[in-house]
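Note that the numbering runs from 1 along the sequence shown for the chain.
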Amino acid sequence: MRWIHGRIYTVEDGVLSDGYLETEGGVIKAVGPMDEITPSLGDVDLEGACILPGLVDAHTSLGLKEDSMRREGNDWNEHGWIIGTELRAADGFNPQDRAVRYALEGGITTVAVAPGNENLIGGQVALARLCVSSPGEMIADPFCALKMSLGEQAKGNGVPPCTRMAIGAMLRQCLRDGGQDAAVKAVLQRKKPVFIHANRCDDIAFAVRLSWEFGFRCVIVHGADALLAADLLRESDIPVLAGSILLTPDSYETRNMDMDLPAGLERAGVRFALTTDHHLSPIQSLSVAAALAVRDGLREDRALEAVTLEPAKLLGVDGWIGSLRAGKDADFVIWSGSPFSYRSRVQKVFIRGKLEAEF
């Protein structure tokens, strides 16, 4: 199948103002400018519409904290566990959560589904491809990262740990004693990253020190104070999964979460991606967050990377998705116009070359 006369945002190779995209067998066969090809009868003429890679949100509770549900659809935090290394978000994931449809409306094709923040180790993060035509196949990887939490949500829930000292001691003990735990072993062998919920500067610094001490790969999730720890993050090459920048700060720890955080991280040389942190902000607003980051100083190309290729890298799937390049999976979205314009709408969503949604 070939789509022609589109404005193609390849991410890795710039923007083609008048280009084509060809797929075969669920994979991208070719991408290039129109002057490389001769149009044929079977081509789909986009008439200037935009093609983007499917967006990637690397930290959500999609299908785990379900839209419009209360207790019956809330599988986000397991309050009976402090150290939940064997808890799997995949086991609580409901592919029929109606927010899956909202994600597709926002041009999102891949998400990470993460446990909540109230346990020191919330559990194993799952990778989901939003192929609604095959809901039983949405979970692409039941364990793509391990989720840890620091700060106010990890302490003060009426049970230990009640201090940051205890948080540190308990996490160190778990990592020291984790040789027989499959999830901890994968982390210590650097096969899987650790996503660490941390907002306050000292919590971010502790997360970095812990990663040094035990040698695991670390991603800071949220990172409201990340600019205060920018030198440490840059020198340690530890990325930040920033957001949601759309939320009003509701605590002391999140007071520095602002729409100019992505631009500040870019200036500081800190790697970052953007997240909606759904369910806390609407999952379909990921492109809106990128657009607002552009308004507050981030370059458009970096904003697009922050919702496509960079989160794919954090999840270890950038070899399949995150950009439009020959050999990658044919996960792409047709937009009516620029993804940074409030007038633009998602028209069609393809995953592995198959039409999954049309609006």
Side-chain angles (χ1 to χ4, degrees), residues 58-59 77 82-85 112 114-125 144-157 161-178 181 183-184 186-244 251-257 261-262 264-265 268-275 277 310-311 313-316:
H59 190 267
N77 284 299
I82 298 172
I83 304 293
T85 56
N117 308 317
E118 294 185 7
N119 303 329
L120 293 192
I121 300 182
Q124 299 172 26
V125 181
C144 64
L146 188 65
K147 174 73 179 287
M148 293 184 180
S149 295
L150 304 176
E152 62 189 4
Q153 286 193 286
K155 73 185 189 78
N157 292 313
C162 299
T163 66
R164 284 177 167 81
M165 294 183 294
I167 287 174
M170 293 174 75
L171 286 176
R172 284 191 178 94
Q173 181 177 353
C174 175
L175 292 167
R176 279 196 301 266
D177 298 344
D181 185 297
V184 175
V187 162
L188 296 178
Q189 292 176 345
R190 299 181 63 83
K191 294 179 180 178
K192 304 290 182 179
V194 182
F195 282 16
I196 302 185
H197 170 104
N199 275 305
R200 216 169 78 173
C201 182
D202 56 333
D203 290 328
I204 294 172
F206 170 73
V208 174
R209 293 197 305 272
L210 196 68
S211 73
W212 289 349
E213 187 175 344
F214 290 94
F216 60 78
R217 293 187 287 136
C218 174
V219 176
I220 301 298
V221 178
H222 309 309
D225 281 0
L227 289 178
L228 299 177
D231 291 346
L232 182 63
L233 292 167
R234 183 184 62 253
E235 291 164 7
S236 304
D237 192 28
I238 290 178
V240 176
L241 188 49
S244 168
S251 69
Y252 177 80
E253 289 191 0
T254 59
R255 70 197 186 284
N256 288 326
M257 182 65 73
L261 176 61
L265 293 172
V270 177
R271 292 172 53 208
F272 70 94
L274 291 175
T275 178
D277 198 28
E310 284 298 328
K313 288 178 179 178
L314 300 187
L315 296 169

key: Listed partners of I167 passing side chain to side chain contact (heavy atoms under 4.5 Å, CB included), at least two apart   = L120, L150, A154, K155, P161, L171
query = Any side-chain heavy-atom pair from P262 and L274 closer than 4.5 angstrom?
reply = yes
inquiry  = Just verifying a value: how many Å separate F206 CZ and I196 CD1, rounded to the nearest 0.5 Å?
reply    = 8.0 Å
request  = Using side chain to side chain contact (heavy atoms under 4.5 Å, CB included) as the criterion, list what pairs up with A183, not counting sequence neighbours.
outcome  = T85, E86, Q124, F143, L146, D181
message = I'd like to know if the side chain of T254 and the backbone of M257 have a donor-acceptor N/O pair within less than 3.5 Å.
response = no
Charged tip of R255 within 45° of Y252 ring normal and under 6.0 Å = yes
ask   = Are E152 and S251 close enough that some pair of their side-chain heavy atoms sits under 4.5 Å apart?
value = yes
ask   = Does a side-chain heavy-atom distance below 4.5 Å link H59 with K147?
value = yes
Only distances under 3.5 Å count here; give the side-chain donor-acceptor pairs of residues 217-229 to other protein atoms, sequence neighbours excluded, each with its distance to 0.1 Å.
unit_1	atom_1	unit_2	atom_2	d
R217	NE	R190	O	3.2
R217	NH2	R190	O	3.2
R217	NH2	K191	O	3.1
H222	ND1	G243	O	2.7
H222	NE2	H197	ND1	3.2
D225	OD1	N256	ND2	2.7
D225	OD2	C201	N	3.0

Partner set under salt bridge (Lys or Arg N to Asp or Glu O under 4.0 Å) for R176, not counting sequence neighbours = none
request  = Please report the shortest heavy-atom distance between M170 and I82, naming the atom on each side.
outcome  = CE-CG2, 3.7 Å
Side chain to side chain, N119 and S149, heavy atoms closer than 4.5 Å = no
task = Report the residues that fulfil side chain to side chain contact (heavy atoms under 4.5 Å, CB included) with A169, sequence neighbours left out, ordered by chain and then residue number.
result = none
request  = Apply side-chain hydrogen bond (donor to acceptor under 3.5 Å, both in side chains) to N199 and E253, showing your working.
outcome  = CA-CA 6 Å; N199 275 305; E253 289 191 0; 4.8 Å; no
Distance, nearest 0.5 Å, that separates CD1 of I238 from CG of L232 = 7.0 Å
query = Nearest 0.5 Å, what's the CZ-CG distance between R271 and L241?
reply = 11.5 Å
task = Please report the shortest heavy-atom distance between A273 and E310, naming the atom on each side.
result = CB-CB, 4.0 Å
request  = May I ask you to test the F216-S211 pair for a side-chain heavy-atom distance under 4.5 Å?
outcome  = yes
message = Could you check whether any side-chain heavy atom of P239 comes within less than 4.5 Å of a side-chain heavy atom of L314, counting everything from C-beta outward?
response = yes
remark   = side chain to side chain contact (heavy atoms under 4.5 Å, CB included) filter on A112, not counting sequence neighbours, yields V125, L315
